[in-house]
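Labels below follow one simple rule: chain letters A, B, ... track the order of the sequence lines, proteins then strands, and each chain is numbered from 1.
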Number of protein chains: 2
Amino acid sequence: MVGRLAADNIERRSGVSLWRQIADKILHAIAIGDFTENAALPPEVTLAERYGVNRHTVRSAISALVREGVLRAEQGRGTFVLSRKRLSYPIGARTRFSTGLQGQTTERHIVLLASSVEPASQRVAEGLGLARGTDVIRLETRGEADGRPVSRAAGWFEARRFAGIDAAMAQTGSITASLARFGIDDYLRQSTVLSARHADAADLADLDLQPGAIVLVTVAVNVTPDGQPIQFSESRFPAERVELKLSAL
Amino acid sequence: MVGRLAADNIERRSGVSLWRQIADKILHAIAIGDFTENAALPPEVTLAERYGVNRHTVRSAISALVREGVLRAEQGRGTFVLSRKRLSYPIGARTRFSTGLQGQTTERHIVLLASSVEPASQRVAEGLGLARGTDVIRLETRGEADGRPVSRAAGWFEARRFAGIDAAMAQTGSITASLARFGIDDYLRQSTVLSARHADAADLADLDLQPGAIVLVTVAVNVTPDGQPIQFSESRFPAERVELKLSAL
DNA sequence: TATAGTTGTCTATATCAATAGACAAATTTA
DNA sequence: TAAATTTGTCTATTGATATAGACAACTATA
């Protein structure tokens with residue numbers, strides 16, 4: 001059994017090249033587990049027939065995925081799958097980065113990329129229940145699991161109340177631990193809004209993606225158990241590596 | 001104020017044509033509310049400068065969106081926004097199609113596209129807690145709001161227990177009402193797994209999308225209040241028209 | 001009623017995407 | 001070892017994408 005790559009479904013003159021569409025299909029098949037790690041892809045000629053395209057077009061798709069580190073091609077043998085199934089990232093009332101991926105990865109951590117103080121934009125102010133323009137601290141972070149980037153997030157905190165949270169984050173590598181230093185032992189996810197779009201240039205660089213990739217975007221507010229907003233965040237997840245599992249709240 | 005279309009972020013030789021990327025950016029800007037209905041887009045020359053492309057490339061993007069019914073171009077005057085902000089589709093313990101969109105739309109309904117009886121696949125069987133191969137009824141539906149398709153779903157029900165649910169659905173146009181005929185007055189969302197991918201040919205046709213569009217995909221299990229699985233479903237939402245709002249359970 | 005600003009159309013050219021065919025190079029199998 | 005299978009490379013051709021420039025057509029306004 002060679003995996004279930006959908007029959008045709010290829011759109012011409014769509015603004016998306018055929019090789020990119022085929023690469024997406026292969027990525028998706030791997031992501032949902034149709035190909036296990038090290039499994040062989042069907043030969044190029046077979047794929048070309050299945051999609052109704054020229055063999056060279058299939059080769060373009062494959063070589064893009066080889067560049068991305070998803071496939072490995074071996075002359076005379078075949079083309080093999082390197083990456084694994086998508087990670088399942090839980091989202092619920094007590095969404096935490098590290099605990100959520102336990103069991104699926106051997107190692108995970110958060111890197112603080114940058115931090116700054118800035119006046120709250122309209123949506124940040126709304127989310128945190130502050131006046132627009134109030135000083136807030138922005139933390140830019142990247143989540144990594146087994147060496148692969150799995151999330152890219154910006155978090156905003158009221159500057160007056162959480163002065164120094166950037167330093168705490170740099171030290172501890174954990175939002176939860178950093179908030180604990182400000183007397184916050186527990187917090188809940190109040191709201192999450194979810195959307196998807198093509199990765200932009202920043203996403204491509206931060207998450208090590210190739211052009212044309214899709215990112216899942218969550219915009220969320222975390223509150224203390226008594227309902228006080230403490231964090232507004234926007235996170236981006238590479239759709240080809242991560243799915244979101246909505247857990248009971 | 002002309003709206004905040006992101007500065008550049010255009011990727012060349014990415015497999016996605018420049019005009020498609022620019023169309024996506026305009027769609028996104030409209031979707032998040034940067035342009036209100038009837039607002040004028042910046043002139044073509046301005047957009048071309050902003051993205052660092054030729055005016056003709058911008059025109060390709062715009063004409064694609066005109067074909068999609070998102071924009072209206074008027075010679076001598078400008079190009080104007082027709083579509084509105086994204087709908088916000090709530091997902092929670094009591095996710096229901098109709099009630100969820102109340103207040104955002106004046107009209108919404110579900111169309112039954114097709115139904116069939118089939119042996120349960122591995123994942124359907126797992127979701128419903130049945131043996132693989134058990135007969136299940138599949139209902140293919142499309143959700144529409146104010147005349148625009150907003151969702152495309154497949155739902156699976158155990159055939160023995162819910163014999164005739166296809167007729168009920170055709171009559172009532174409501175899953176909730178159909179389940180009521182089988183003595184199910186309440187049901188809860190047990191699990192939801194969320195992902196995103198490019199729309200395939202079926203999605204394009206069913207949801208009236210253009211190639212290159214992105215769909216949000218949810219795979220969910222609904223259960224009775226005492227935890228008995230009754231429905232397994234896979235839904236697809238056009239990311240350019242819908243965002244998902246995860247509500248408290 | 002000019003004039004400036006905007007979209008629409010045309011021609012020409014260069015580059016990317018896709019097809020077609022042939023054959024080389026490496027690996028596995030009979 | 002020979003044959004079959006599979007990936008790698010090359011040449012050539014066609015159509016879609018993107019750039020460039022010029023000017024027409026229409027609208028609003030000074």
Partner residues of Thr105(A) under the side-chain hydrogen bond (donor to acceptor under 3.5 Å, both in side chains) criterion, sequence neighbours left out | Arg108(A)
Presence of donor-acceptor pair under 3.5 Å, side chain of His56(A) and base of dA20(C) | yes
Side-chain donor/acceptor of Arg55(B) to base of dG8(C), under 3.5 Å = yes
Numerically ordered, the residues 61-73 of chain A set in heavy-atom contact under 4.0 Å with DNA chain D is Ala73(A)
With sequence neighbours excluded, what pairs up with Thr192(B) under the side-chain hydrogen bond (donor to acceptor under 3.5 Å, both in side chains) test?
-> Arg189(B)
In chain order, what residues pass the side-chain hydrogen bond (donor to acceptor under 3.5 Å, both in side chains) check against Thr106(A), with sequence neighbours excluded?
-> Asp146(A)
Separation of atom CD in Glu74(B) from atom P in dA25(D), rounded to whole Å | 19 Å
Check nucleotides 16-18 of chain D against the protein and report each pair of N or O atoms closer than 3.5 Å, with its distance, or say if there are none.
residue	atom	partner	partner atom	Å
dA18(D)	OP1	Leu18(B)	N	2.4

For Ala205(B), side-chain contact (heavy atoms from CB on, under 4.5 Å) partners two or more places apart = none
Rounded to whole angstrom units, what separation is found between the CZ atom of Arg59(B) and the P atom of dG21(D)?
-> 17 Å
Non-neighbouring partners of Ser17(A) that pass side-chain hydrogen bond (donor to acceptor under 3.5 Å, both in side chains), sequence neighbours left out = Trp19(A)
Sequence neighbours excluded, the answer for side-chain contact (heavy atoms from CB on, under 4.5 Å) partners of Ser191(B) is Lys245(A), Val221(B)
Glu49(B) CD - dT19(D) C1' separation (whole Å) = 15 Å
Determine the minimum heavy-atom distance between Asn38(A) and Phe80(A), stating which atoms define it.
-> O-CD2, 3.6 Å
Nearest heavy atoms of Leu204(A) and Ala199(A), plus distance in Å | CD2-CB, 3.6 Å
Give every donor-acceptor pair under 3.5 Å between a side-chain atom in residues 136-144 of chain A and any protein atom, sequence neighbours left out.
residue	atom	partner	partner atom	Å
Arg138(A)	NE	Glu140(A)	OE2	2.8
Arg138(A)	NH1	Glu118(A)	OE1	2.6
Glu140(A)	OE1	Arg152(A)	NH1	2.7
Glu140(A)	OE1	Arg152(A)	NH2	3.1
Arg142(A)	NE	Glu144(A)	OE2	3.0
Arg142(A)	NH1	Asp206(A)	O	3.1
Glu144(A)	OE1	His109(A)	NE2	3.2

Measure from CZ on Phe80(A) to C1' on dA26(C) and round the result to the nearest Å.
-> 12 Å
List for me each residue that meets salt bridge (charged side-chain N to carboxylate O under 4.0 Å, His left out) alongside Glu74(B), sequence neighbours excluded, and say none if there are none.
-> Arg72(B), Arg77(B)
Sequence neighbours excluded - side-chain hydrogen bond (donor to acceptor under 3.5 Å, both in side chains) pairs with any residue from residues 123-132 of chain A | Gln122(A)-Glu126(A), Gln122(A)-Arg132(A), Arg123(A)-Glu234(A)
Scan nucleotides 27-30 of chain D against the protein and return all N/O pairs shorter than 3.5 Å with their distances rounded to 0.1 Å.
residue	atom	partner	partner atom	Å
dA28(D)	OP1	Arg77(B)	NE	2.9

